[in-house]
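Here is how names work: the chains are called A, B, and so on, in the same order as the sequence lines, proteins then strands, and each is numbered from 1.
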Number of protein chains: 2
Amino acid sequence: MKVARPSLYQQVASELRRAIYSGDYGPGAQLPTEEELRSRHGVSRNTVRLAVAELVNEGLVTRAPRRGTIVRERRALLMHPQRELEPQPTGVPREAFAYAVSQEGRQPSQLIEVLTVKPAEDIASRLELDDGKLAVVRRRLRFVDGQPYNTNDSYFPHDLVAESEIARPGDIGRGANRVLEELGHAQIRVVDDIWARMPNQAEVERLQLELGTPVVVYVRVGYDREDTPVRVAVSVLPADKHLIRYELGSR
Amino acid sequence: MKVARPSLYQQVASELRRAIYSGDYGPGAQLPTEEELRSRHGVSRNTVRLAVAELVNEGLVTRAPRRGTIVRERRALLMHPQRELEPQPTGVPREAFAYAVSQEGRQPSQLIEVLTVKPAEDIASRLELDDGKLAVVRRRLRFVDGQPYNTNDSYFPHDLVAESEIARPGDIGRGANRVLEELGHAQIRVVDDIWARMPNQAEVERLQLELGTPVVVYVRVGYDREDTPVRVAVSVLPADKHLIRYELGSR
DNA sequence: ATCATCCATTCGTTGGTACAAATCCATCGA
DNA sequence: TCGATGGATTTGTACCAACGAATGGATGAT
């Protein structure tokens, strides 16, 4: 059996990884500078940078000029997707995201953009829209304590919501689901699809993602009593900030 | 407002990204060689490699000597976590993963390792194990059509399963959940936690992951009628091969 | 005391070179 | 016909050099 000699940069990367996982460098700690690592391992600066690039891609560290290479820390916000189907707590009815965030003592806010569009193929098919039919989309960029947190684009059949509050710009304090109810199309069943991938350029900018942060894509299709899709919500969740929880079965 | 000039390698990366997304290079297609890109954009090979490295980290392409840079294709296998709680289809009772895979006309297989261990802190706390209590873990590496597909490590309280089939090596054709039932500790409620991150080195090797592939971590804690945790299952799912689906609400 | 400025440090980008490793494919030999 | 061999191509690793950009912290001015 041939044992491949790991390349130099792999060796350096392994050593750094070990040091981080073993706690030699805790969250917030600065790794040795590139120059330091270069002389310590007796390799070129390029090789050091290759090694550190690995850790960046793994989401372990961040780099910035003069600040150095810093070990990241992460803390996730819990999401309970199924609670949106349950009756809201008594008192002020509240949109689900805002409610969850304020529960944790943090400050939610959002930017909303409302458009009428010809939806992309996958959205149209999930909404079961015929050929050229339009959809109203509420594109939201949500913030927690002023930092971009996630995006949520909700698509509704244009025919259904054109005359409602949903098609008009601005916040809907009580949540779009409440409006759907009032229109006689309450969601009584949902299908959630969850997967993950690396973000594209636009997402990196919009969500101010650091390198090495995957995103979880979370698509919820809501159906009314006639089993007609009335809402397709596409959320893009930076993986280091979100934990999705489902509770199934009887209590 | 200052408009930062994107660096050269960013420009090259953007151009390649655009070409891929627009379909100029479909899945399986080979991008121009580094030499070709170098002369076409009038930059150094270093710069070209930096650009392509971005696409690799985004999971868009793979590289190999002589094969070139190839556009990846992905096709996900659908998972229905909640089906494990429903009564199995009539006929041969079957472990959930094997059943789902064979349903798609593909060939499941797995390697199982059964150990009695002192579980890590997070597992112990989910299992609500006191201090030094042990757990039995069934570590599985699962394959589809001979390719590594995902891992599933299931932890059980040692006191509960020590005398059962679960603590013995080898396959349990009917699934561990069935054995728990027979022990009088059927799971009647589960809590699923889902998040994503970049894989660590061990996972890259074990699952033969390509660069730029995040993993979805999927943790299910199962409780019996007394609301005692009886099973903690930790699955690591390569993101490009898995789609998780939940269906909630009334039909 | 407070604020603006400057400098040194550290990572970021880009150029270059050389050789190694992997593998496709054509060619040759049995 | 089929398998072994070897050459050419393409990416992988490693080194060096130079300058750009960002910023923490010291210094100096008000």
Side-chain angles (χ1 to χ4, degrees), chain A residues 1-16 25 28-72 201 204-205 208-212, chain B residues 1-16 25 28-72 201 204-205 208-212:
Chain A
M1 187 76 168
K2 182 173 148 194
V3 178
R5 176 184 63 90
S7 51
L8 284 182
Y9 80 89
Q10 292 284 0
Q11 294 176 38
V12 176
S14 294
E15 164 59 19
L16 289 172
Y25 301 101
Q30 178 187 356
L31 295 192
T33 67
E34 294 178 351
E35 169 55 29
E36 166 71 14
L37 289 172
R38 191 196 61 66
S39 72
R40 182 185 301 180
H41 290 87
V43 298
S44 75
R45 184 171 163 231
N46 271 355
T47 301
V48 169
R49 282 186 64 78
L50 258 186
V52 178
E54 289 238 317
L55 307 190
V56 172
N57 289 330
E58 288 165 19
L60 276 181
V61 302
T62 328
R63 304 192 269 202
R66 186 62 239 247
R67 268 218 336 263
T69 304
I70 306 292
V71 179
R72 288 174 62 177
Q201 207 54 38
V204 168
E205 284 162 25
Q208 292 177 26
L209 296 177
E210 302 194 62
L211 285 176
Chain B
M1 188 77 167
K2 182 174 150 194
V3 178
R5 175 184 64 89
S7 52
L8 284 182
Y9 81 88
Q10 292 284 1
Q11 294 176 39
V12 176
S14 295
E15 163 59 18
L16 289 173
Y25 301 102
Q30 178 186 357
L31 296 192
T33 68
E34 295 178 350
E35 170 54 29
E36 165 71 14
L37 289 172
R38 192 197 61 67
S39 72
R40 183 186 299 180
H41 289 89
V43 298
S44 74
R45 186 172 163 228
N46 269 352
T47 303
V48 169
R49 282 187 63 78
L50 258 186
V52 178
E54 289 237 316
L55 306 189
V56 171
N57 289 330
E58 287 164 19
L60 275 181
V61 302
T62 328
R63 306 191 267 203
R66 186 62 238 247
R67 268 220 336 265
T69 305
I70 305 292
V71 178
R72 287 173 63 176
Q201 206 55 38
V204 168
E205 284 161 26
Q208 291 177 26
L209 296 176
E210 302 195 62
L211 285 176

Using Watson-Crick and G-U wobble pairs whose two distances are both under 3.5 Å, how do you write the pairing of DNA chain D as dot-bracket, with | for links to another strand? ||||||||||||||||||||||||||||||

Could you walk me through whether His41(A) and Val48(A) pass the side chain to side chain contact (heavy atoms under 4.5 Å, CB included) test, one step at a time? CA-CA 9 Å; His41(A) 290 87; Val48(A) 169; 5.9 Å; no

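- Taking every heavy atom of both residues into account, Thr62(B) and Arg72(B) meet most closely at OG1-CG, 3.0 Å.
- Across Glu54(B) and Tyr9(B), no two heavy atoms sit closer than the pair OE2-CE1, 3.8 Å.
- By the side-chain hydrogen bond (donor to acceptor under 3.5 Å, both in side chains) test, Glu34(A) pairs with Arg45(A), Arg49(A), sequence neighbours left out.
- Residues that satisfy the side-chain hydrogen bond (donor to acceptor under 3.5 Å, both in side chains) test with Asn46(B), not counting sequence neighbours, are absent from this structure.
- In this structure Arg40(B) satisfies the salt bridge (Lys or Arg N to Asp or Glu O under 4.0 Å) test together with Glu36(B), sequence neighbours excluded.
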How would nucleotides 5-14 of chain C be written as a contact map, 5' to 3', with B for base contact, S for sugar-phosphate-only contact and - for no contact, using protein heavy atoms under 4.0 Å? ----BBBBBS

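- For Glu205(A), the salt bridge (Lys or Arg N to Asp or Glu O under 4.0 Å) criterion is met by no residue, not counting sequence neighbours.
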